[in-house]
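As structure tokens, the structure follows; a few thoughts come after it.
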Protein chains: 2
Amino acid sequence: MPPDITAKQAGSDKDLILANVALLYYGEGLNQSDIAKRMDVSRATIVNMLRDCRDRGIVEIRVNGDMLSSSSLSRDLCAKFGLEDVYIARSRSPGKGKADRKETLEQVGRVAGMALINIVSAGDTVGVAWGETIKAMCTAVPRQPVEDVTVCQMIGSMVSDRVPASEDCTIRIANRLDAQCYTLHAPASLSSSTLAAQLRSEPMIASQLGRLQDLNLAVFSIGNTDHSTHIVSAGIASSAELDQAVCSGAKGIVCCRFIDAEGQHINLPSDERTVAITVAELAAAKKKMLVVAGEDRAEAVLAAIKGGLVTHLCVDEALAAAIVA
Amino acid sequence: MPPDITAKQAGSDKDLILANVALLYYGEGLNQSDIAKRMDVSRATIVNMLRDCRDRGIVEIRVNGDMLSSSSLSRDLCAKFGLEDVYIARSRSPGKGKADRKETLEQVGRVAGMALINIVSAGDTVGVAWGETIKAMCTAVPRQPVEDVTVCQMIGSMVSDRVPASEDCTIRIANRLDAQCYTLHAPASLSSSTLAAQLRSEPMIASQLGRLQDLNLAVFSIGNTDHSTHIVSAGIASSAELDQAVCSGAKGIVCCRFIDAEGQHINLPSDERTVAITVAELAAAKKKMLVVAGEDRAEAVLAAIKGGLVTHLCVDEALAAAIVA
DNA sequence: CATCATTATTGACAATTGTAAACCCAAAAG
DNA sequence: CTTTTGGGTTTACAATTGTCAATAATGATG
């Protein structure tokens with residue numbers, strides 16, 4: 001046979017076999033041995049084919065996200081705070097075992113990943129924050145193209161040992177949705193407010209920031225003011241500023257900005273040195289998806305809700321319970 | 001706790017757990033034992049939960065139908081006959097083993113089921129024939145709602161030992177697509193042409209037949225004139241009429257009507273006694289999906305293609321090979 | 001409050017599936 | 001012509017998953 005003619009299509013001919021095997025296995029429910037007998041190969045080959053099918057997207061396994069927001073607990077939260085949807089992660093039988101933070105975080109991330117594709121719709125401009133929670137989420141967003149979506153980074157970049165490259169979250173999410181991607185080519189926090197102001201008015205940065213004024217969906221997390229190490233070490237605020245913020249009633253940190261118990265922005269010197277979406281802009285987004293893990297953030301989440309910064313919520317079960325109480 | 005409040009939502013609370021388990025298993029790739037440990041239940045319970053997830057549609061496993069129409073063989077067929085897409089079923093290593101007809105039929109059915117949801121688009125009016133091939137297909141159509149679809153039965157009903165209730169195919173397909181469903185409340189074949197004519201002009205039947213004049217998609221199979229038993233026993237044509245048709249050059253039977261080698265309708269007395277879409281109406285449909293299994297139908301399929309009755313084709317590999325040759 | 005019916009859970013076992021090292025074979029390189 | 005390399009396949013074994021009958025929990029009913 002002439003290899004030049006079939007060469008280009010050789011991969012596709014294999015795909016035909018793969019897809020047919022997938023249909024027999026997943027569609028018909030035959031077992032691998034029977035398929036192997038039919039196809040006259042060893043069962044191991046079928047195993048390999050099926051793995052290929054999954055790897056190459058010929059079969060796709062997806063979880064229906066709706067079920068994550070239809071429990072009575074989530075409805076209680078919706079009703080109590082006027083939220084549109086509350087997605088709840090439950091990775092461990094409550095009470096049993098130590099609720100490992102990493103474990104909880106990952107499960108909230110997975111739930112948020114599912115939730116995201118439920119919430120985003122065609123034509124949306126989506127703002128994405130970063131942080132360990134958002135990071136956990138973005139690895140779990142299923143690959144599902146959505147028409148005409150734009151994804152923007154809401155907070156400037158930053159190197160941190162706890163969180164990998166900040167743009168990474170934005171890029172990953174954009175990839176999964178087949179969306180246009182705009183990263184923010186600036187540090188989140190600068191050493192001088194003058195420099196930050198100059199940077200913000202640089203055409204390139206300015207246009208990126210401009211997009212954040214009209215978001216259809218903002219995806220972000222919230223930190224509380226207790227575990228100060230992260231905030232200070234990341235250079236978002238100095239230790240003194242943090243103290244000052246707490247004295248002024250700061251209950252949470254959203255996109256590098258402090259908010260009080262009512263969810264109102266607390267203006268601090270550090271705001272001037274920051275390149276990120278403002279609280280007002282965040283509040284202006286049509287849909288606001290807050291993703292948080294850990295009971296200890298209940299106060300911060302409540303503050304954000306009161307301030308009208310949340311329409312959709314993704315939390316673990318313990319945090320959800322803490323918020324209703 | 002008050003059971004009346006939570007009663008309505010009890011099912012949903014279980015769903016939350018199911019979805020979270022599904023996420024851990026299918027999303028994260030944890031094994032059942034680890035999940036069982038986390039949730040503090042036995043592994044068997046996790047097995048049951050995962051089965052529930054699949055049964056209740058919380059997880060969905062789908063095969064990408066595109067791969068079934070991207071082989072070199074299918075492209076050859078497209079190019080040679082100007083078809084839009086050719087989906088190929090390959091259930092058995094070619095040459096090896098007896099190509100069990102039942103097996104082939106089922107695989108073609110599965111492939112056609114996948115193909116259908118690829119081909120149907122929002123707003124379509126879909127005509128569905130019936131027969132053993134279409135029957136095999138309709139059980140394999142994945143559940144996937146499509147906006148604003150109407151499904152119509154193209155051939156009147158009939159009792160047959162080989163094929164279950166004729167409406168069944170139409171109804172099933174409509175269900176899987178969440179579509180409006182119109183069955184044809186008349187026998188496919190009547191004893192007198194007068195009665196058939198009267199029936200066709202009954203308002204209720206007439207409106208059903210009217211819908212068949214403007215189909216966006218027709219899904220049907222084709223029989224050859226060899227295996228006469230089926231045609232005669234089903235009362236579509238008498239033995240004498242069949243002989244007459246074959247003498248006139250009939251090469252295939254489509255929706256109870258005979259066509260010649262060029263795909264042209266052969267008018268016979270039996271046509272007058274039939275309640276079904278006409279060949280002309282079939283030809284007028286925008287998309288025409290022919291589903292056939294078995295090498296021996298190559299001639300019939302070729303006839304249908306020549307007559308412009310086919311835009312999309314679903315066949316087994318052996319038949320595909322026979323057609324190109 | 002006991003009883004029956006129904007449903008969910010479990011442990012023990014059987015079946016299926018995944019893995020890894022060995023093997024084959026063809027094409028590219030020495 | 002031999003060696004090497006890389007893909008794909010296989011065999012034998014290990015791990016995971018599915019099943020089923022027994023048991024517990026639930027909850028409706030007399």
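Model, not experiment: these values are computed from the prediction. What's counted below: heavy atoms across the whole structure, side chains too, no hydrogens, waters or symmetry copies. Protein chains get the first letters and strands the later ones, always in sequence-line order, with residue 1 at the start of each.
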Is there a side-chain hydrogen bond (donor to acceptor under 3.5 Å, both in side chains) between N20(B) and Q107(A) once you walk through the steps?
CA-CA 8 Å; N20(B) 272 285; Q107(A) 185 68 357; 2.7 Å; yes
Measure the distance from CG on D15(B) to P on dA8(C) and round it to the nearest whole Å.
12 Å
Whole-Å distance between dT9(C) P and K37(B) NZ?
19 Å
When rounded to whole Å, the CG to P distance for the pair D52(B) and dA8(C) reads 8 Å
Can you check the I46(B) CD1 to dT19(D) C1' distance for me, whole Å?
16 Å
Given atom CG of L50(B) and atom C1' of dT19(D), what is their separation to the nearest angstrom?
15 Å
Distance, rounded to the nearest Å, where L30(A) contributes CG and dA15(C) contributes P
18 Å
Let me know the distance between CG of D55(B) and P of dA8(C), rounded to the nearest Å.
13 Å
One thing to verify: whether E132(A) and R101(A) come together as a salt bridge, which I'm taking to mean a side-chain N less than 4.0 angstrom from a carboxylate O.
yes
Identify whether the distance between the nearest side-chain nitrogen and carboxylate oxygen of R56(A) and D15(A) falls below 4.0 Å.
yes
Between dT10(C), dG18(C), dG8(D), spot the one nearest the side chain of K14(A), thanks.
dG8(D)
With respect to the phosphate group of dT17(C), does any side-chain polar atom (N or O) of S33(A) fall under 4.0 Å of OP1 or OP2?
no
Could you tell me the separation between the CG atom of N31(B) and the C1' atom of dT16(C), rounded to a whole number of Å?
15 Å
Selected nucleotide, minimal atom distance to R43(A) side chain, candidates dG18(D), dA12(D), dT11(D):
dA12(D)
Is the phosphate of dG11(C) approached by S42(B) (side-chain N or O, under 4.0 Å from OP1 or OP2)?
no
Can we say K14(A) and D52(A) salt-bridge, meaning some charged N sits less than 4.0 Å from an Asp/Glu carboxylate O?
no
Candidates dA20(C), dT9(C), dT9(D) - which lies nearest the side chain of A44(A)
dA20(C)
Q32(A) side-chain N/O to dA15(C) phosphate OP1/OP2 under 4.0 Å:
no
Under a 4.0 Å threshold between the charged nitrogen and the carboxylate oxygen, would R38(B) count as salt-bridged to D34(B)?
no
